[in-house]
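Notes follow once the structure below has been shown.
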Amino acid sequence: MTAQGQRTILAFDFGTKSIGVAVGQEITGTASPLDALKAVDGIPNWEQVAKLFAEWSPHLAVVGLPLNMDGSQQQVTFSAKKFANRLNAKYKIAVETCDERLTTVDAKARLFELGGYKKLDKQKIDSVSACLIFESWIEGQY
């Protein structure tokens, strides 16, 4: 078993058409964006998800919870929870959720700083959002 503080973590920015993905390392507290997964009504290609789990062998997954600004849940919040439950059931690892309010806004700002409008590609935004979800989650741990 890997000690807390040294685990590999997959972070997901859940969306109904695209699911951003990042891989994070607890030891450095940093995450790198991976290719976003296309989704149909929030359902990804599970073969692609299986490849991610095979490649990275994560010890934990973190799924961003899309909440309204007042903290209340919306329809997509329930879909994100369902996605988190499916990850737990399929891959037998712990899955935690993390408030993701404003991560898309932050991701757009970060990408714009790196390269202007041409960097504002939807899939890049989703995966950078997944990095921010990881960073937010890790800040809550330590």
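Worth saying up front: this structure is predicted, and the values here are computed from it rather than measured.
- Looking at every heavy atom in both residues, Pro33 comes nearest to Cys131 through N-SG, 3.3 Å.
- Applying the side chain to side chain donor-acceptor pair (under 3.5 Å) rule to Ser32 yields no partners; only residues at least two apart in sequence or on another chain are considered.
- Glu26 contributes a side-chain N or O that, together with a main-chain N or O of Arg7, makes up a donor-acceptor pair within less than 3.5 Å.
- Between Ser129 atom OG and Glu100 atom CD the span is 7.0 Å, to the nearest 0.5 Å.
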Donor-acceptor contacts, no H, no angles, side chain residues 75-86, under 3.5 Å, sequence neighbours left out:
{"unit_1": "Thr77", "atom_1": "OG1", "unit_2": "Pro66", "atom_2": "O", "d": "2.4"}
{"unit_1": "Thr77", "atom_1": "OG1", "unit_2": "Gln74", "atom_2": "N", "d": "2.9"}
{"unit_1": "Thr77", "atom_1": "OG1", "unit_2": "Gln74", "atom_2": "O", "d": "3.2"}
{"unit_1": "Lys81", "atom_1": "NZ", "unit_2": "Gln73", "atom_2": "OE1", "d": "3.3"}
{"unit_1": "Asn85", "atom_1": "ND2", "unit_2": "Lys81", "atom_2": "O", "d": "3.4"}

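- Nearest approach of Ala36 to Ser18, heavy atoms of both residues: CB-OG, 3.7 Å.
- Residues Leu65 and Thr97 are in side-chain contact: their nearest non-hydrogen atoms beyond the backbone lie under 4.5 Å apart.
- Although no hydrogens or angles enter the test, the distance criterion places no donor-acceptor pair under 3.5 Å between the side chain of Tyr91 and the main chain of Pro58.
- Of all heavy-atom pairs between Gly29 and Ile138, the closest is O-CG2, 4.2 Å.
- Of all non-hydrogen atoms in Ala11 and Phe134, the two that sit nearest each other are CB-CB, 3.9 Å.
- One hydrophobic cluster, built from ILVMFWY side chains closer than 4.5 Å, cannot hold both Ile9 and Ile27; they sit in different ones.
- Considering all non-hydrogen atoms of both residues, Ile133 and Phe12 come closest at CD1-O, 3.6 Å.
- Among all heavy-atom pairs drawn from Ile19 and Gly42, the shortest one is CD1-O, 4.1 Å.
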Let me see the working for Gln25 and Thr8 under side-chain hydrogen bond (donor to acceptor under 3.5 Å, both in side chains), right down to the final yes or no. CA-CA 5 Å; Gln25 301 298 327; Thr8 297; 3.1 Å; yes
Kindly indicate, with the supporting measurements, whether the criterion side-chain contact (heavy atoms from CB on, under 4.5 Å) is fulfilled by Trp137 and Asp99. CA-CA 8 Å; Trp137 175 83; Asp99 181 352; over 6 Å; no
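- Under the side chain to side chain donor-acceptor pair (under 3.5 Å) criterion, no residue pair touches residues 48-58, with sequence neighbours excluded.
- With Asn88 as the fixed residue, the side-chain contact (heavy atoms from CB on, under 4.5 Å) test singles out one of Ile93, Val95, Val63: Val95.
- Of the candidates Leu52, Val49, Val21, Val49 is the only one forming a side-chain contact (heavy atoms from CB on, under 4.5 Å) with Pro44.
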